[in-house]
Amino acid sequence: MRIVLVGPPGAGKGTQAARLSERLDAPHISTGDIFRENMKNETDLGKEAQRYVDAGDLVPDEVTVKMVKDRLAQPDAQGGFLLDGFPRNAAQARELEDVLSELNQRLDAVLVFEVDDEELVKRLTSRGRSDDTEETIRHRQQVYRSETEPLIEHYRDIAVRVDAVGSVEEITDRAMDALADEPDD
Ligand code: ADP
């Protein structure tokens, strides 16, 4: 299956994507993880991304899109994938559609993780990642609301909502149920 995960910072997409990746036997592709790995290893890509990630801004599309295209071209992604953190705006969504249509592929589902704001701040401030200061969290939430959330409407035909408050296991089960309910067309 070709799946996109959407949800505000702190919704637990990464945790769920890793678990769904095992259950569905499809690679978990997280743009945030790829950026962090490159920043840790001080690659050119990492150096380019660093200031945007630290500020809670989106890394410029040309950088992000190229990185995702390269990743989706890898052999392990040919049978399906779980895309976590991409697309994050309308331009990225268009690029993804172009890439997939060139390969005669299309998305099967968009999983939308829903968590209320109060719970989000609670989760993020206890996570302790370097870009998880109160100020950047707030900024990332604004970026999510203005840039990413409108994609849910764009994907309305294949979007399925998942209540992402509960135990990790419960949420995985809900996501699997939501995927099973999603009709093919
Ligand atoms: P979160 O969803 O908790 O904000 P992520 O790990 O998904 O965290 O992303 C961390 C940071 O990586 C973002 O704040 C942004 O700077 C960068 N990033 C991740 N995905 C994208 C993307 N698709 N486009 C631009 N920047 C991105």
Side-chain angles (χ1 to χ4, degrees), residues 2-21 27-73 77 81-100 107 110-152 154-155 162 164-165 168 171 175:
R2 298 183 179 84
I3 299 167
V4 163
L5 291 92
V6 174
K13 292 189 303 290
T15 304
Q16 293 301 327
R19 296 169 58 85
L20 292 169
S21 162
H28 170 202
I29 301 177
S30 159
T31 46
D33 286 351
I34 301 174
F35 284 133
R36 279 186 289 277
E37 183 68 18
N38 277 276
M39 293 186 318
K40 196 176 81 193
N41 297 325
E42 295 178 19
T43 66
D44 288 345
L45 175 67
K47 286 179 201 154
E48 215 170 341
Q50 183 97 48
R51 64 190 162 109
Y52 299 102
V53 173
D54 287 346
D57 283 323
L58 295 186
V59 177
D61 286 346
E62 54 180 66
V63 176
T64 308
V65 167
K66 180 180 183 309
M67 179 179 94
V68 172
K69 278 187 182 169
D70 290 347
R71 182 63 188 86
L72 289 178
F81 51 76
L82 286 139
L83 208 40
D84 165 11
F86 187 94
R88 249 178 159 94
N89 61 27
Q92 293 182 3
R94 279 195 300 275
E95 294 278 2
L96 178 61
E97 263 136 52
D98 289 350
V99 176
L100 293 180
L107 292 177
V110 172
L111 283 178
V112 182
F113 288 82
E114 299 190 313
V115 182
D116 60 73
D117 284 348
E118 203 178 319
E119 170 77 15
L120 287 176
V121 175
K122 218 165 44 187
R123 289 186 189 180
L124 285 164
T125 44
S126 61
R127 192 163 71 173
R129 213 168 70 189
S130 69
D131 61 342
D132 281 346
T133 65
E134 207 178 317
E135 194 190 339
T136 40
I137 290 170
R138 236 182 246 127
H139 184 60
R140 298 211 313 278
Q141 284 178 335
Q142 278 165 9
V143 171
Y144 176 77
R145 299 283 175 225
S146 62
E147 305 270 322
T148 312
E149 209 168 37
L151 292 180
I152 299 170
H154 173 82
Y155 286 126
V162 178
V165 181
V168 170
I171 298 165

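Reckoned from all heavy atoms, side chains included, excluding hydrogens, waters and symmetry mates. Atoms within each ligand, like the ligands themselves, are counted from 1 in listed order. It should be emphasised that the depicted structure is a prediction, and the values quoted were computed from it without experimental measurement.
Using a 4.0 Å cut-off between a side-chain N of Lys or Arg and a carboxylate O of Asp or Glu, Asp33 and Lys40 do not qualify as a salt bridge. No salt bridge links Lys122 with Glu118; every basic N to acidic carboxylate O contact stays at or beyond 4.0 Å. Look at Arg123 and Glu119 and you find a salt bridge, because one of the NZ, NE, NH1 or NH2 atoms lies within 4.0 Å of a carboxylate O, short of that distance. Between Arg94 and Glu97 there is no salt bridge, since none of the side-chain N atoms of the basic residue sits less than 4.0 Å from a carboxylate O of the acidic one.
With a 4.5 Å cut-off on side-chain heavy atoms, Leu151 and Arg88 do not count as touching.
Across the listed options Val59, Leu96, Val143, Val59 owns the non-hydrogen atom lying nearest to atom 26 (N) of ligand 1. With atom 27 (C) of ligand 1 as the reference point, the heavy atom nearest to it among Phe35, Tyr52, Phe86, Tyr144 is part of Phe35.
Counting heavy atoms closer than 4.0 Å to ligand 1, residue Met67 contributes nothing at all. At a 4.0 Å heavy-atom cut-off, ligand 1 touches Leu58 through backbone and side chain alike.
For atom 4 (O) of ligand 1, the nearest protein heavy atom (residue, atom name, distance) is Arg140 NE, 2.7 Å. The protein heavy-atom contact nearest to atom 20 (N) of ligand 1 is Thr31 OG1, 2.7 Å. When hydrogens are left out, the protein atom nearest atom 13 (C) of ligand 1 is Arg88 NH2, 4.1 Å; that is the closest non-hydrogen contact. Nearest protein heavy-atom contact of atom 8 (O) of ligand 1 is Arg129 NH2, 3.2 Å.
With His139 as reference, Asp57 is the one residue of Asp57, Asp131, Thr133 to meet the side chain to side chain donor-acceptor pair (under 3.5 Å) rule.
Here the closest heavy-atom approach between residue Ala93 and residue Pro87 is recorded as N-CB, 3.4 Å.
Atoms of ligand 1 found under 4.0 Å from any heavy atom of Gly85, numbered from 1 in the order shown, are 20 (N), 21 (C), 22 (C), 23 (N). Close contacts between ligand 1 and Gln92 involve ligand atoms 22 (C), 23 (N), 24 (N), 25 (C) [criterion: under 4.0 Å to a heavy atom]. Remark: ligand 1 atoms within the under-4.0 Å shell around heavy atoms of Asp57 are 15 (C), 16 (O). Short contacts between ligand 1 and Lys13, defined as distances under 4.0 Å to a heavy atom of the residue, involve ligand atoms 2 (O).
Of the possible donor and acceptor atoms, one in the side chain of Gln16 sits under 3.5 Å from a partner among the backbone N and O of Val168.
Considering backbone and side-chain N/O of Arg36, one or more are found under 3.5 Å from N/O of ligand 1.
The environment of CG in Asp44 is sparse: at most 12 heavy-atom neighbours from other residues, nucleotides or ligands sit within 6.0 Å.
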